[in-house]
Amino acid sequence: MSDKIKENEFDENKNTNSEEKPYDANKVNFEENDNWEFEAKAMTLENDEFEADEGVTVTEDKNEAPITIANEAPAKAPEKAAVVPVKNKPSKNAVKFALAAVLCVIITAVLVFFGVRYFTLPNTNEKMNPGNVAVTIGDTDVSIGMYNYYYNAVSNNYISYAQQGGIADLDPTKDFSKQKTKDHDGNEITWAQMFENEAFEQIQYITAYYQEAVKNGVTITETQKEAIKSNIKTIKDSAKESEQSIDAYISETYGEYCGLATIEKLMTQSYIANNYYHQYLINNKVDDKDVEDYFNKHKNEYTQISFAYLPVVISSEEKDAKSKVEKDVKEYVSKIKNIKDLKKLIPNACKDIIDNAIASGSFENADDCAEEIAKSVETSITKDDTSFTEDGVKWLFDEKTNINDCKYFYDENNSMFFILLKTSEPKVADDEVYSVRHILIMPKKDEAKEGEEAKEATKAQWAEAEKKAKKIYDEYKKGDKTEYSFALLAEKYSEDTESTSKGSSGLYGGLYEGTTLGQMVKSFEEWSTDKKRKYGDTDIVKSDFGYHIMFFVEDTTSTLFKCESAVKSEKEMEYIKSFEVKKHSGAMKKTTVAKPQAATTNSEATAE
């Protein structure tokens, strides 16, 4: 599930989450210039027609009215004027000039009626005049203020993370347009471009779902309306405390030209988009063939091999340090015939690592540290993994390499040796996972008094819970009996709030997907993993927690589940990118651009 749509993203002033979906620059169309192009007639001119014999004059005298549109017949020509018969049709150029003159008159009339400021100036109240439209996503215009909100959320997140030392190639104190990084496709771009790309990606994502939600009649819920009111009240209170007007406070906090109307509109759009997002994912499932094709194409990413390893570091800076350590490593390899032999060598082979861990206070003694290392030496890797040396991975996957074969490899980048012991043949993970939706109805227990143990539910309370569960189940069966209708009932009734949008897990509609065996209670799992199950099967299952109204989605392997999730993501991105992104160059010149931050001293950082 995407973390781009979150209902609590407005609770923080400057931070939003951002995930991994690259902005497609090829989908952006720029206007060729800043001249306004009118796609519809102005209100006062909508039904007017300009005939060839109308008198239309435009004066250049600054003291006179700029436009005169004469509706009377033109003045009679002088008596001595020569009348020249027209023998040929007017040239194409003449027609073009005539049309241009009429268009000029229309544009000038519109400017007079609305005022030049209407077309050129942005605003904080979400009036979508041409001067306030920064970008259009599909059929939806996005204001400068809203663009600035998204842009600041993206750039501030990156800058804040960089200030904490989390991004190696981003210096917050230097010009972002002169610092290079790589986008999600591996292309080299500047950090300034990265901020802009991801801002557009966020806008495109939310707006695409919002636009389709409106077309499908999806609206905002009463609970979401109350959440917006609560957030707006918090903003107003903060503005009052800072002794600023609301719009001034919002512009300073979220971005220039971002006002109260912008925040209300942005929250409303995000909630509606979020409501449709779940409906879209449920109703647009991927085909089994698409999953199979994806697996065949990415088989190396899902084919794993198990092995054990010992890291042997070169701590000395002496010229012959490497050769001395390599001599020891060869001796270690000669003694390793199985995983037990490898673990016995940890105290000697990993001595430098153990000494450093004790010196740093991570462990009190060498035995404890060696025991902890022994727990982590067994692992698995895919053919495309780059965690170890390329030669080491090739050796592990080589058909000639047998189980319990041992060999060492030098990692030049980290100045260390890796001793590898192959412990399995390559295989695709086939552990079972399942996905279901459920609505949990729990018996209402009597509250225990202070100091008393929690009370068990009575038979009557269990009976009442069962009665309620059956009533909800009947409500489902009387409807269209779709997965989405079940999800809506889970949102409405389920007492397992962590599997709904009421919780903090990010789940929706009572969904548990990719669930491994042993994770849920026995009765829940046995029903979900019954091999007779088919998509859409429903029933009521009792557990120690209460009554579970169940909806079966699938029972599969972890590998195929991962492939299915990847295909879903690919198709979702295709869907999002189908909404054209058009920048309006004139308005975009007025949008926010991140500036280098003032450098902070160590003492300032500590104080913060």
Side-chain angles (χ1 to χ4, degrees), residues 3-18 117-118 120-129 131-135 140-161 163-164 172 195-196 198-199 202-203 206-207 210 219-274 504 587-598 600 604 607-608:
D3 40 5
K4 290 191 177 193
I5 305 179
K6 283 199 176 180
E7 296 184 0
N8 60 353
E9 68 175 319
F10 307 100
D11 295 335
E12 298 181 9
N13 283 348
K14 294 185 178 181
N15 293 322
T16 62
N17 293 326
S18 48
R117 293 168 63 85
Y118 172 81
T120 59
L121 294 183
N123 60 74
T124 59
N125 55 17
E126 288 300 302
K127 289 183 179 179
M128 304 308 288
N129 57 282
N132 196 41
V133 179
V135 59
T140 305
D141 290 335
V142 178
S143 68
I144 291 176
M146 193 172 292
Y147 169 84
N148 286 343
Y149 175 95
Y150 282 104
Y151 178 89
N152 283 329
V154 169
S155 59
N156 287 336
N157 276 342
Y158 273 118
I159 292 169
S160 177
Y161 193 39
Q163 287 173 331
Q164 298 170 30
F195 296 159
E196 185 176 318
E198 292 206 7
Q202 291 280 339
I203 296 169
I206 299 292
T207 307
Y210 166 73
T219 58
I220 192 169
T221 67
E222 291 301 319
T223 301
Q224 291 168 340
K225 288 179 182 178
E226 290 301 316
I228 293 175
K229 288 181 181 179
S230 177
N231 276 280
I232 292 301
K233 184 180 182 303
T234 300
I235 292 173
K236 288 181 177 179
D237 291 343
S238 298
K240 187 175 181 180
E241 289 177 10
S242 64
E243 298 182 345
Q244 291 177 287
S245 70
I246 297 171
D247 280 355
Y249 173 80
I250 292 174
S251 289
E252 183 179 297
T253 305
Y254 297 104
E256 193 174 10
Y257 303 119
C258 186
L260 184 63
T262 310
I263 298 299
E264 289 179 324
K265 183 176 180 180
L266 187 145
M267 292 182 70
T268 300
Q269 287 184 351
S270 294
Y271 276 132
I272 292 175
N274 184 62
S504 57
M588 281 300 298
K589 291 176 182 177
K590 302 180 179 70
T591 57
T592 295
V593 176
K595 303 295 182 184
Q597 308 292 298
T600 57
E604 288 175 335
E608 291 175 359

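Positions are given from 1 along the sequence.
Residues T124 and A261 come closest through the heavy atom pair O-CB, 4.0 Å. Across D247 and L260, no two heavy atoms sit closer than the pair OD1-N, 2.9 Å. Considering all non-hydrogen atoms of both residues, G145 and T262 come closest at C-CG2, 3.9 Å. The heavy-atom pair separating C258 from I263 by the smallest distance is SG-CD1, 3.9 Å.
Distance alone, capped at 3.5 Å, places no donor-acceptor pair between the T253 side chain and the I250 backbone. The backbone N or O of M128 sits nowhere less than 3.5 Å from a side-chain atom of N132 that would complete a donor-acceptor pair. No side-chain donor-acceptor contact under 3.5 Å links Y210 to the backbone of T268. At distances below 3.5 Å, not a single donor-acceptor pair connects side-chain atoms of S270 with backbone N or O atoms of M267.
Residues satisfying the salt bridge (Lys or Arg N to Asp or Glu O under 4.0 Å) criterion with E243, sequence neighbours excluded, are absent altogether. A search for ring pair (Phe, Tyr, Trp, His ring centres under 6.0 Å) contacts involving Y257 returns nothing, not counting sequence neighbours.
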Before giving the answer on side chain to side chain contact (heavy atoms under 4.5 Å, CB included), spell out for T591 and Y151 the whole-Å C-alpha distance, their side-chain angles and the decisive distance to 0.1 Å.
CA-CA 9 Å; T591 57; Y151 178 89; over 6 Å; no

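The salt bridge (Lys or Arg N to Asp or Glu O under 4.0 Å) contacts involving residues 258-269 comprise E126-K265, where partners must be two or more places apart or lie in separate chains.
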